[in-house]
Amino acid sequence: MIMENTYIGKDCKRVDGYEKVTGQAIYAADFHVARELFAKSVYVPHPHCRILAVHTEHALSMPGVVAIATAKDVPGNNEMFGRFPVFVVDEGKYTGDVVATVAAESYEQAVAGARAVQIEYEALPGLWTLEEAMEPSALPVHPDIADNEIEHTYFPLRKGDLEMGFSQAEAIEEHTYKVGFQDQAYLETESVVVVPAPFHHGYEVYGCIQNPYTIRSNVATAMGVHESQIRVVLTAVGGSFGGKDESSMSIAARCAVLAKMTGRPVRMDLSREESSRESSKRHPFIMKYRLGMTKDGTVTAIQTHLTCQGGAYNNKARFSNWRASVHTAGPYRIPNIQADIHAKYTNTIFGGAYRGFSGPQVLFASETMMDEAAACLGMNPKEFRLKNVLREGDTIACGQLLKEGFIAAPLEKMIQELSEKAGFDAKWKSFREQNARSGSIKRGIGIAITYRGAGLGGEGVDSSSAMITICRDGSVQLHSGHTEMGQGMRTAHSQIAAQALGIDIKRIDFRHSDTSITLDAGPTVASRGTQSGGRAILQAALKLRGELLAAGSKKTGISQDTLSIANDALITKNGKVLCSFDELISYCVYPLGTNLSAQGWYSPGLSHIDAQTQQGDCYQTYTHGVIITEITVDEATGKIAVDKMTVGYELGTAINPELAYGQFVGGLMQGLGYALFEEMSERKGELLSQNFDEYLIPTTLDIPQIDLQLYESQNPEGPYGAKGIGEIGIELAAPSIGNALFHATGRRLRELPFNLERVKIGKSLTR
Amino acid sequence: MAIQGFLLAKSIPEALHVLEKLSPNGKFVCGGTDIMVAMHGDTLPQQCTLIDISSIDELHFIRKDDGCIEIGAATSMACLAESDLVAKSSHILQQAAHSVGSPQIRNRASIGGNIITAAQCADTIPALLALNARLVLLNTRNEKRVIPVADFFTGPKLTAIAPNELLVAVRFPSLEGENYQGSYYKLIRRAAVAKSRLNFAIIMRRDQDGVVQDLRISIGSALSIPGRFMAAEAVMIGELPTVAMAKEVAERCSRQVVEQTGRRWSSAYKLPVIEDVMYRQLIQLLGFEE
């Protein structure tokens, strides 16, 4: 089948760009329903407390207050996935726990009503840090879990013979690395409207939500109704990065309870402070690494012990810990590996999904470790990596074989090319020479490399859905089971559909996610929207293409094998136009009566992974990245400025190179914030960083010069060879900046962020 | 909600008249960049009515009169940053104004607001202290008072302004053609739009032989009450400066911080930074090799 390439690898404009740039897109806070009430939550008075009594009488008498919901009003199950309560019953376990939610005629009345709810409580001692939770004597956060271990989070990885590997080692390096919470910092905070829908005795949820099916099942559980009775419809979403999930689920459930009590639509728009309190963050980790190597720099063994901080409730560590375990050793040919991983409950804000999941944490540790190992032997860190990097024919940590046409092994080439481009060797020497003469301003250059399993892999079933309908006039409606949050998925999917159907992309109208129309494609996470979701789109489009070619054959009397569709026309293989696309569609509608609607359902099938060793086909494919980062550090103040990043990513096919570039640079900048400033500051469970005056993310002026190169390869599993790329961009910044800092100053920092205090005096200070 | 009303004053007499009428619940607002934050955090006093003075023409000016620069209190940071007169007469003030927030904030924020809010991290206050600025205040009885900026701050976020006064202008002697050198350095956690951790303002004048005739130092976010570092200045005044002297000035600065504020949670970081940055700024001004 010859297909003219009109859309793949092309920088198409975003299909939803105009509406967003001109302010016409309807975000959740813009979406209003007649007779809606405004809801405001009452948070626990202390991060860990026993609730003795809740007095709502006075608040109920306040002007405009219509109803106040507490745990006793929840008609179904008060506990959602991951132990998250809709409302606290008798014990508040962290600062974002909610005791009651007030619904009123106006936002201001809801605020006043929430302030008037009185709570009698007794403050309790709590587990405020991961270190405390790791103590054997720690009090349990949940009474039924004595050791505070989060359920289903232990994933040991075993490869080779660890003892033998260390016995071959001539040098051993051992270090501990630590990273904290990171906030997704989306511009738009969480917002939902829940409408009671009496005809089917259920509820409609409108809002900015990342994973509509997760919200549907949890709201159904809380309300004691079937999933079919809950309809979740997305508005435009102003960023999510993994975050609009647990918090969206909680506020949707609370609004649903109030919608039932009042019979009216109920909306809730979180303030930034509320969003900071009750939304998920990147999981903190303490990571112990031990690495053995021979004197020539060959790594013989690596042993890691990782502990994740889960917070008071958690429904993601069971997935993110698996990813962490599988990626623990980095993209190196290490024959003997042992990784152990745990996750602990604490009385703090909780970990969840944030772009990269557990990848950035583990990569910070492993890529710093590799630099430390090189330094220990006095080797150039680039040469050390080249010596150990995975090559074609190697097996990776979980035992998958790297071979061309299956899983590519491009890192050796990428390291060499990008080092050359950045002038790594020359700068490695010249910066040190300059630094020896300079005053307080030092320059450094650092390298980091990564490989990342694309898609869910062994975390879950990576099945995706799509539905395409061609209307009578030749216009096309496209539904995906995945969600657009700003990443550009709509555009990538539209390009895939337009290419497969041979039509102009302008014919395609991409609809919002609506669980009453689309099929459950699972969550839009793990960089799977294009890789897996795109396959479902392609499948649906190819089904329709087959129907259209069959109809074209009937219409023209020419054999289907010699027909094609391209540029909005039915053509012969040698390019002769037979009829327009519109004419072909008319013929399908009448006289043929062809079904012009098709579903796509893609599933990669089951992974086979050994639970005791994590050996198996963990991911269908992997993406790769290499960065060389140049920094200037001011030793007088501890301030780091990132000057330049020379970076390359291997991504299969770039469906839309411009959007891919945006994904990588956006990720790099979030990684830069993780490396340099972002820190959720807490004091005994109280969150101090509740807004962007205290929680600093990079500004446009912090963006360094970025020299980015895309490396294409073939991914037989992806649509048109594409791989999922949403997350890998965030991983490389932190370790490469830390490695550059070591090069500049000779000092190694093993904890993020590298803020002014850590760089200047080696430790962070708290108020 | 705390805000009871919002009134727009068109002239200084009108603003003062309304202030008197509303007493004690009137509060002047100019750019609003601090009040917006207070409103969000719900820290404004109850019953407060805002009197907007940002449209009063008489409060918007930058002029030179008899060797003295005078700046209207409502003048925006953007205007200061763009003014040739400010650049020539007081380069450090121009730098300080340019370092404030973002372009959007600089368009709104006024120099008067920066002074009246009296935040420890205020960007222009160290520059104004080093410039020996004086503040012109007018009260509801139309009485004028001129007070040195060094006497204006009475405590953390507290000033000597009376409840019936309006800050109308800031004055300082122009440094143009007076052989002055200056340096302003602001330390923040990222490239822009963040509260300063510390900011350093230095003005120095040397004679033809290189002897220091005048030295004025102020460091923001270092003392609980904004002020000068006179003991440190004295080390170099009247002397031919040396590297060792620069070191001593820097050490005196950090010593004064400890003497005035005691040791705080941030001291372990701030004290060595004050020494290192002050030393470096002086060395650079003096043209020595670091």
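Here is the naming used below: chain letters follow the sequence lines, and residue numbers restart at 1 for every chain. Scope of the values below: all heavy atoms of this structure, side chains included, with no hydrogens, waters or symmetry mates.
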Give a yes or no on this: more than 12 heavy atoms of other residues, nucleotides or ligands lie within 6.0 Å of atom NZ of B:K157.
no

B:Y269 side chain to A:T637 backbone, donor-acceptor under 3.5 Å:
yes

When only pairs under 4.5 Å are counted, which of A:N755, A:L696, A:L701 shares the most heavy-atom pairs with chain B?
A:L696

If you apply the rule side-chain contact (heavy atoms from CB on, under 4.5 Å), what do you find for B:L187 with A:L756, and how did you get there?
CA-CA 10 Å; B:L187 174 62; A:L756 301 176; 4.3 Å; yes

Heavy atoms from other residues, nucleotides or ligands near CG of A:L187 exceed 12 (cutoff 6.0 Å):
no

Rounded to the nearest 0.5 Å, how far apart are CG of A:D693 and NE2 of B:H40?
8.0 Å

Within the supplied structure, the quantity of interest is the number of heavy atoms (other residues, nucleotides, ligands) at a distance under 6.0 Å from A:R683 CZ; does it exceed 12?
no

Electrostatic pair A:E757:B:K270 at N-O distance under 4.0 angstrom
no

Check B:A192 against A:T699 and note the closest heavy-atom contact, atom names and distance.
O-CG2, 3.6 Å

Can B:K195 and A:E694 be counted as an ion pair, charged N to O under 4.0 angstrom?
yes

Would you say that more than 12 heavy atoms from the other residues, nucleotides or ligands in this model lie under 6.0 Å from the NZ of A:K644, or not?
yes

Can you confirm whether A:R747 is buried at CZ, in the sense that more than 12 heavy atoms of other residues, nucleotides or ligands lie under 6.0 Å from that atom?
yes

Name the region of A:L765, side chain, backbone, both or neither, that has any atom closer than 4.5 Å to a heavy atom of chain B.
both

Note: vs chain B, highest number of non-hydrogen pairs under 4.5 angstrom among A:L676, A:N691, A:I697 is A:I697

Sort B:R197 into side chain, backbone, both or neither according to what part of it lies under 4.5 angstrom from a heavy atom of chain A.
side chain

Side chain, backbone, both or neither of B:I188 within contact of chain A (heavy atoms, under 4.5 Å):
both

Of the listed B:L198, B:V37, B:V273, the one with the largest count of heavy-atom pairs under 4.5 Å with chain A is B:V273

Surrounding CD of B:E289 (heavy atoms of other residues, nucleotides or ligands, distance under 6.0 Å), is the total greater than 12?
no

Thinking salt bridges, do B:R189 and A:D702 make one under a 4.0 Å N-O criterion?
no

Would you name the heavy atoms of A:I761 and B:P272 that are closest together and state the gap between them?
CG2-CG, 4.5 Å

Chain A contact via B:R190 - side chain, backbone, both or neither, heavy atoms under 4.5 Å
both

